[in-house]
Amino acid sequence: MSVRTGNEAAAGTGRRQRNARGQGSRLTEDIVTAALSLIDREGTQEAVTLRAVAREIGIAAPSIYAHFADRDAIVMAVVARLFDDLSAAIKFGIAGVPDDPVEQLVAGCEMYVLYGLENPARYGVLFSDQRDATAGDYCAPVAIGPDERPVLEFGAEAFALLADGIDECVRAGMSESRDVVADGTAIWTALHG
């Protein structure tokens with residue numbers, strides 16, 4: 001199973017048709033999808049520039065400013081989408097095993113690693129040191145996406161799936177963990193290699 005998920009429509013390089021009135025949020029999604037295409041093709045988030053994104057979807061670069069303040073805001077929206085994709089991959093792994101909490105925890109961890117192996121450029125964006133320098137406090141609440149959904153902390157859902165898995169093992173009597181957050185942090189660190 002490939003763990004690449006999310007809105008991955010192929011972005012074209014021709015002139016883009018205008019969205020119908022009231023569908024401006026589609027351009028927001030197209031911008032993020034275009035940035036992901038650039039990252040996948042070039043292997044780095046450095047490929048994401050306003051001009052490159054605009055060229056990818058066939059719009060003028062200034063059109064982006066109605067949706068994102070700058071390049072860093074686009075990268076942060078990409079990070080939010082990628083963490084959603086990572087969480088979806090983990091959930092898929094968990095759902096594919098019987099009601100054994102240990103097997104579910106292992107399956108979720110395996111999907112986490114598989115996501116990184118199958119998507120090295122995307123995984124690199126998720127855990128890039130570059131974002132720390134350019135985005136400031138990226139853990140502060142930020143409205144991202146067409147539904148203005150707040151992202152309180154990037155990666156929180158993926159980590160919560162891990163901590164919940166450990167907690168399920170404790171409740172089933174299959175783990176003696178006394179601190180699922182600390183143990184989850186240890187496993188999360190180990191998954192990064």
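Heads up: numbering here begins at 1 and tracks the sequence.
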Checklist entry - Only one of Val170, Val180, Asp183 forms a side chain to side chain contact (heavy atoms under 4.5 Å, CB included) with Ser175, so which one is it? => result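 Of all the options given, the one that passes is Val170.
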What I'd like to find out is whether the side chain of [X] reaches to under 4.5 Å of the side chain of [Y], using heavy atoms alone.
X	Y	result
Arg71	Met76	no
Ile90	Tyr115	no
Gln104	Asp99	yes
Val48	Val78	no
Arg122	Arg81	no
Ile57	Leu27	yes
Leu114	Met111	yes

Next on the checklist: Hydrophobic clusters here meaning ILVMFWY residues chained together by side-chain heavy-atom distances under 4.5 Å, can you tell me if Leu50 and Val125 are in one?
Outcome noted: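 Yes, it is one cluster - the side chains of Leu50 and Val125 are joined through contacts under 4.5 Å.
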Checklist entry - Does a salt bridge link Glu168 with Arg171, judged by any charged N lying under 4.0 Å from a carboxylate O? => result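 Yes.
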Checklist entry - Do other residues, nucleotides or ligands put more than 12 heavy atoms under 6.0 Å from Arg51 CZ? => result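 Counting neighbours around CZ of Arg51, 12 or fewer heavy atoms of other residues, nucleotides or ligands fall under 6.0 Å, so no.
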Checklist entry - Under the criterion ring pair (Phe, Tyr, Trp, His ring centres under 6.0 Å), which of Phe83, Tyr112, Trp188 is the partner of Phe159? => result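 The option that passes is Trp188.
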